[in-house]
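Data block below; observations after.
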Number of protein chains: 2
Amino acid sequence: MSGEAARVFAALGDPVRLTLVASLGPDGQSISDLTRGLTITRQGVTKHLKVLEAGGLIRSERRGREVIWHCRPAGLAVARHALEEIGAGWEQSLQRLKSLVEDQTPKEGPGQI
Amino acid sequence: MSGEAARVFAALGDPVRLTLVASLGPDGQSISDLTRGLTITRQGVTKHLKVLEAGGLIRSERRGREVIWHCRPAGLAVARHALEEIGAGWEQSLQRLKSLVEDQTPKEGPGQI
DNA sequence: TCAATTAGCAACCCGGAGGTTGCACAAATG
DNA sequence: CATTTGTGCAACCTCCGGGTTGCTAATTGA
């Protein structure tokens, strides 16, 4: 649960970056391509891409005069793993709680309260 | 992929809030309890808790003079779902790419580049 | 009843995030 | 060679996030 996870989540914690990440794939797109769909400046997009890169969610590759940005599944894995950990901790407390309240029935998943 | 997901991720995108969320369970803790472990002020913790609540990750319950904060698994589910969506999009492009490069073998998972 | 504990509210500070403009430069393209 | 296209860099602006202090209110417990 180090700063790495926080960085990945922070990178994903912006609507613009989420759409960027969603419109991206391993085949990659240039900054100009990515900018075309949005309402902000190319430089704005560049900054967002840097944040996503710092979070390990994307990577770049220079091709001629343009820079191609690809997705980086390992970054997603970090986020997924962190969520698992949190969920595990919560479930553990849930089990303990249920074992106390009801008699002895550790069964259901996380209650969607 | 609306603003909801962004809000959840943003809520998780801070080391202090990650530790808060990790040290929380359905049994709940008061603000003072939560503050005891950390190096920041009670008011600072309160602000973080508000952010987590806005993200749907925790919920509060007044008990006498103190406020008890519980986890809220539904919030985690939102984050998990958003990650799934992103991952699915990436894999789809991966499949397309592989189908083009190799001949016709849509098989493996996301390559950990 | 009086003191201690728990929490809320408001004001304030500071740095960085998100966004822009302007300019310079390299690579395609005709 | 001149022009278009794709990027990078730097400066700047504004606003919000994270954090604090100070004061007040309510509950609890001795």
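Below, read A as the first sequence line, B as the second, and so on, with proteins coming before strands; counting in each chain starts at 1.
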Any donor and acceptor pair, going by atom type alone, linking the side chain of B/R36 with main-chain N or O of B/I31 inside 3.5 Å? no
Could you state the NZ-P distance from B/K47 to D/dC16, rounded to the nearest angstrom? 13 Å
Look at the side-chain N and O atoms of B/H48 and state whether any lies under 4.0 Å from the OP1 or OP2 oxygen of D/dG17. no
Whole-Å distance between D/dG6 C1' and A/I68 CD1? 10 Å
Between D/dG6, C/dG8, D/dG19, which one does the side chain of B/R42 approach most closely? C/dG8
Would you mind reading off the distance between B/Q29 atom CD and C/dA7 atom C1', rounded to a whole angstrom? 16 Å
Do the side chains of A/E61 and A/R63 get close enough for a salt bridge, i.e. N-O under 4.0 angstrom? yes
Is there a donor-acceptor pair under 3.5 Å between the side chain of B/W90 and the backbone N or O of A/V21? yes
Looking across every strand, which nucleic acid part, if any, lies under 4.0 Å from A/G64 by heavy atom: base, sugar-phosphate, or nothing? sugar-phosphate
Within the 4.0 Å heavy-atom criterion, would you say B/R63 contacts the bases, only the backbone, or no part of the nucleic acid? nothing
Quick one: is D/dT20 close enough that its OP1 or OP2 comes under 4.0 Å of any side-chain N or O from B/T41? yes
Could you check A/T39 against B/E66 and say which one's nearest nucleotide on DNA chain C is further toward the 5' end? B/E66
Round to the nearest Å and state the distance from A/L49 atom CG to C/dA17 atom P. 16 Å
Please report the distance, rounded to the nearest Å, between CG in A/D33 and C1' in D/dG6. 10 Å
Flag, side chain of A/S30 to backbone of A/D33, donor-acceptor distance under 3.5 Å: yes
Interatomic distance, A/L34 CG vs D/dG6 P [rounded to whole Å]: 12 Å
Side-chain donor or acceptor of B/R72 paired with backbone N/O of B/G56 under 3.5 Å: yes
Under 4.0 Å between any heavy atoms, over every strand shown, what does A/S30 touch: base, sugar-phosphate, or nothing? Just pick one. sugar-phosphate
Quick one: the side chain of B/Q43 and the base of D/dG22, do they pair up donor-acceptor inside 3.5 Å? yes
Any A/R65 side-chain nitrogen or oxygen under 4.0 Å from OP1 or OP2 of D/dG8: no
Starting at CD1 of B/I40 and ending at P of D/dT20, how long is that distance when rounded to a whole Å? 6 Å
A/F9 has an atom CZ; how far is it from atom C1' of C/dA17, in whole Å? 20 Å
Look at all strands and tell whether B/S32 reaches a base, only sugar-phosphate, or nothing, counting heavy atoms closer than 4.0 Å. sugar-phosphate
B/T46 side chain near C/dA7 phosphate (N/O to OP1/OP2, under 4.0 Å): no
